[in-house]
There are 2 protein chains.
Amino acid sequence: MSISSRFSVGIHIITLIEINKDGVSTSEYLAESVNTNPAFIRKIMGMLKKAGLIKVQPGIAGAELAKDLLDITLLDVYKAVNVVKDNELFSIHDNPNPDCTVGRNIQNTIEPIFFTAQTAMEKVLESMTIKDVVKDIIEKEN
Amino acid sequence: MSISSRFSVGIHIITLIEINKDGVSTSEYLAESVNTNPAFIRKIMGMLKKAGLIKVQPGIAGAELAKDLLDITLLDVYKAVNVVKDNELFSIHDNPNPDCTVGRNIQNTIEPIFFTAQTAMEKVLESMTIKDVVKDIIEKEN
DNA sequence: CAACATGTAACTACAATGATTACATGTAAT
DNA sequence: ATTACATGTAATCATTGTAGTTACATGTTG
């Protein structure tokens, strides 16, 4: 199991739109950098648009950021591309036997632990912004 | 995407072996509590055994814990059942375009962030032991 | 040897992913 | 308005992982 690459592709897209802000970021242009096909990029762009992170319009070439770099966290992107449902990073087997001490309690016991673990992960994503990513890439280029 | 229920089932199995320590925990008995089939339970038991968490022997009915309750963390179980490969909770799209500033740096920029996030999640799992789970279940019964 | 449990392999149905094609919709320039 | 081109979106496909199930080989004990 791995969290879908839509997440890393989403980060790539937003980062490139910023770095290419003086140019026109079409789905074809972005697809070439990501190394996939334009339709897949457009699907993800649709999700980012729906989440209010980027601006795209039918018929008009190119995408722009809809928010300041500092106001787009990696958690925003993660949620936008719908890779993990709320509180469902871990799946819990269903219908354990209610006639068994463990069976009738395991779900309620495990659920808060999984929630805490998932939240800890998401907090890290929330602490990083696209600005951090852009900055790091620019530094790596020098 | 969700992390396989093998993880929660693994926790269930170990917990039940402990709570049923005066009885015999066969794969059939465990399967009934988990509400699945014995072969699936045996597959997971094989993983837990390989990881040194439980003791099982071909031909001999029942399983026992191989370690003290306090020494089995949820991270141990998580790693045992092989639900997420090391450093691969998040997948990163491969072969981004090296001719693009973003393409040639995105992987190296994102990788440590994802590692930090995954580690934060796993630290939570490491802080909880089967003893905590058993204790919570017993408390819930009263 | 009989009864029974574990260890595995094989097969199935199902769902998610990412690639790809195709086409409808929308915009702008001529 | 027609042409050129970009976005939006649906449909299809191959691949992969999951969980369920059956079957049987292997091992132990009475």
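Every chain is numbered from 1, with letters handed out A, B, ... down the list of sequences.
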Practice item. Take the protein atom NZ of A/K49 and the nucleotide atom C1' of C/dG26, then report the distance between them rounded to whole Å. Key: 11 Å
Donor-acceptor pairs under 3.5 Å, side chain of residues 78-90 of chain A to any protein atom, not counting sequence neighbours: which ones?
{"unit_1": "A/Y78", "atom_1": "OH", "unit_2": "A/E122", "atom_2": "OE2", "d": "2.8"}
{"unit_1": "A/N87", "atom_1": "ND2", "unit_2": "A/E111", "atom_2": "OE2", "d": "2.7"}

Review point. What string of B, S and - do you get for nucleotides 16-25 of chain C, 5' to 3', if B is base contact, S is sugar-phosphate-only contact and - is no contact with any protein heavy atom under 4.0 Å?
Key: -SSSBBB---
Check your understanding: Does the B/T36 side chain pair with the main chain of B/A31, one donor and one acceptor, at a distance under 3.5 Å?
Key -> no
Point to revise | From C/dA5, D/dG8, D/dT29, nucleotide with atom closest to B/T26 side chain | key: C/dA5
Point to revise | Spacing of A/I92 atom CD1 relative to D/dT18 atom C1', expressed in whole Å | key: 17 Å
Point to revise | Whole-Å distance separating the CE atom of B/M45 from the P atom of C/dT8 | key: 12 Å
Check your understanding: Do the non-hydrogen side-chain atoms of B/T119 and B/T116 ever get within less than 4.5 Å of each other?
Key -> no
Check your understanding: Are any of the side-chain heavy atoms of A/R104 and B/E141 separated by less than 4.5 Å?
Key -> yes
Check your understanding: How close or far is atom C1' of D/dG8 from atom CD of A/E28, stated in whole angstroms?
Key -> 16 Å
Review point. Which part of the nucleic acid does B/Q57 contact within heavy-atom distance under 4.0 Å: base, sugar-phosphate only, or nothing?
Key: sugar-phosphate
Exercise for review: Only pairs at least two apart or in different chains count here, so list each ring pair (Phe, Tyr, Trp, His ring centres under 6.0 Å) that has a residue in residues 18-57 of chain A.
Suggested key: none
Point to revise | B/D136 side chain to B/V133 backbone, donor-acceptor under 3.5 Å | key: no
